[in-house]
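The next block holds one structure in the form of structure tokens; read it before the comments.
The analysis underlying the following values was restricted to heavy atoms, covering all of them including side chains, and did not include hydrogens, waters or symmetry mates. Keep in mind that this is a model prediction, so the values were computed, not measured.
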There are 2 protein chains.
Amino acid sequence: MYAVTTIRSAAAPKKFEVTCSSCNLRELCLPQGLGATDIARFENVVYARRRIKRGEALFAAGDEFKAVYSVRSGFFKTSLVDGEGREQVTGFFMGGELLGMDGIGAARYNSAAIALEDSEVCILPYALIEQLAAEVPSLQRRLYAVLSREIARDHGVMMLLGSMRAEERLATFLLNLSKRFTARGYSPSDFHLRMTREELGSYLGLKLETVSRLFSRFHDDGLIEVQQKHVRILDAAGLEQILATRH
Amino acid sequence: MYAVTTIRSAAAPKKFEVTCSSCNLRELCLPQGLGATDIARFENVVYARRRIKRGEALFAAGDEFKAVYSVRSGFFKTSLVDGEGREQVTGFFMGGELLGMDGIGAARYNSAAIALEDSEVCILPYALIEQLAAEVPSLQRRLYAVLSREIARDHGVMMLLGSMRAEERLATFLLNLSKRFTARGYSPSDFHLRMTREELGSYLGLKLETVSRLFSRFHDDGLIEVQQKHVRILDAAGLEQILATRH
DNA sequence: CGCAGTTTTGATTCATCTCAATTTGTGTGG
DNA sequence: CCACACAAATTGAGATGAATCAAAACTGCG
């Protein structure tokens, strides 16, 4: 286990006064549910942030696992590349969501995290978090819960990829995105997609042309407005209806 | 948090002397890497086993989350059913593998676990495991690692479902199964599938007829022998070749 | 021994992919 | 600030892998 000072000097990113207690993403982020005293201890461990420009990697698959990251602003994709060069986008991440947890088990990141817009993350040095979790039961519980929810989330994606037709996949994705934007105080119906059609296609198990055609079809059906990356949901109930339609 | 005695009297399954230290699945199971003293404490918490007959549920989606289970013998599937009645098999589990971890976050199981043959599991009461983990760093580390690996495993399935063609999916599945059997001292090439073609199809995102046809094709190509649920791998390199083939 | 559930196989359809051309948008350097 | 070059998105036509529908064969359980 590293000493705090060692890690600080080794990583040496911009040092900020990190104050989770006043962060508006607090309730979506790791310290959710912690009391004032525990949050203070937590802030002491989360001592820095890091900026990542669009297109840059926060970490790559195979990199040594040292920290988990919480998205403070911006947008990320995570993706996996197999031995044959196939890329699979495994998720999209926005404010308050945690990145890198799949690296704990193997001490190396299992996937890569790429910023899809200029972004900023809070660095959560894993050794310190782990140590603190052993002392603070509410943090320990929260950490297990976050890992477990990630598993449940992945199962949802497996359902999407394994059992849904193309238009159900896109409808599910749009509704999910809408919900997450809402939780962050943004419009539930009006947003800018940060990923390309190809990245979205990879995530949904579809080719980019298919994604593009689906957007056009949803548009023609009056469900959404699309203009390149800008999407406006006109008929959320209609999108839900797609999921209810017998297949 | 429950007192040990409360949980014991509440659950009251057959009481066994559980001795992880002498279990041949020890190195695949949760207590992997624990020293003698810690294993003893662990055994004290894992105080019981439970038998599940073929076709029965170890737990159902939505059940209150109380324990994680380790497969002692037998074979399970886990599956998810969405609002529209679609079933998605999310995994198959054999000796030493852990079931139910997706329930930690929501305090309810997120999926159902069904025995595909008469099976036995060790009951790992979560409240006690959590408590012990806070005191035993090696167990804490192992628990985080197990959760993290489950996430990484799920990402592998997402790759399979999102980026592979039907025959690549089946080849991947067979090779994975072979590896897991090998790790448990069984033949790497000769095994009995416990799931139906439909269950396997659900897991692989294919229809049962497609799975059946793929088995026939692999048979015709001299890669495997199949007779209903019995499979013998004749040419593992050939199966790997399928994955390497440009798509 | 018989029946229900499972698997195999065939014929056909259809959703999605592939290939290709065009349009639209974006970042960069003059 | 504009023009150019490159990246991204759209749309069309046609190919194809897997789904669907249907029937027959097998298996093992009661």
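Between B/Glu120 and B/Lys53 there is no salt bridge, since none of the side-chain N atoms of the basic residue sits less than 4.0 Å from a carboxylate O of the acidic one. Salt bridge absent: B/Arg108 and B/Glu64 never bring a charged side-chain N and a carboxylate O closer than 4.0 Å. Between B/Glu117 and B/Arg54 there is no salt bridge, since no side-chain N of the basic residue sits under 4.0 Å from a carboxylate O of the acidic one. Look at A/Arg184 and A/Glu97 and you find a salt bridge, because one of the NZ, NE, NH1 or NH2 atoms lies within 4.0 Å of a carboxylate O, short of that distance. Salt bridge status for B/Glu87 with B/Lys77: present, with a side-chain N to carboxylate O gap under 4.0 Å.
Note that NE2 of A/His192 is 9.5 Å distant from CZ of A/Phe181, once rounded to the nearest 0.5 Å.
Classification of the B/Phe59-B/Tyr109 ring pair by plane angle, with boundaries at 30° and 60°, yields parallel.
No engagement by B/Gly201 is indicated, since no non-hydrogen atom pair under 4.0 Å with the nucleic acid exists. B/Thr196 comes within 4.0 angstrom of sugar-phosphate atoms only, judged by non-hydrogen atoms across all strands, and of no base. Across all strands, B/Arg169 comes closer than 4.0 Å to no nucleic acid atom at all (heavy-atom distances). Among the protein residues, B/Leu208 comes within range of the nucleic acid bases, having at least one heavy atom under 4.0 Å from a base atom.
Applying the 4.0 Å criterion to OP1 and OP2 of C/dC17, one finds that A/Thr210 has a side-chain N or O inside that range. Between A/Ser216 and the phosphate of D/dT11, there is a side-chain N or O to OP1/OP2 separation shorter than 4.0 Å. The phosphate of C/dT7 has OP1 or OP2 within less than 4.0 Å of a side-chain N or O from B/Lys229. In terms of phosphate contacts, B/Ser212 brings a side-chain nitrogen or oxygen within less than 4.0 Å of OP1 or OP2 of C/dT8.
Here the P atom of nucleotide C/dT18 and the CG atom of A/Leu206 are 11 Å apart, to the nearest Å. Note: CZ (B/Phe218) to P (C/dT8) measures 13 Å, nearest angstrom. Taking atom CD of residue B/Glu167 and atom P of nucleotide D/dG17, one finds them 9 Å apart after rounding to whole Å. What separates CG of B/Leu204 from P of D/dG17 is a distance of 18 Å, to the nearest Å. Counting to the nearest Å, the P atom of D/dA9 and the CZ atom of A/Arg217 are 19 Å from each other. Atom C1' of nucleotide C/dT8 and atom CG of B/Leu200 are separated by 15 Å, given to the nearest angstrom. Between the CZ atom of B/Arg54 and the P atom of C/dG5 there is a distance of 13 Å, rounded to whole Å. Here the C1' atom of nucleotide D/dA8 and the CD atom of A/Glu209 are 12 Å apart, to the nearest Å.
Donor-acceptor pairing under 3.5 Å is lacking for the side chains of A/Thr78 and A/Ser111.
If you check distances only, the side chain of A/Arg213 does reach the base of C/dT18 with a donor-acceptor pair under 3.5 Å.
Residues of residues 219-227 of chain B that place a heavy atom closer than 4.0 Å to DNA chain D do not occur.
Set against C/dT7, D/dA18, C/dT24, the side chain of B/Arg197 has C/dT7 as its closest nucleotide.
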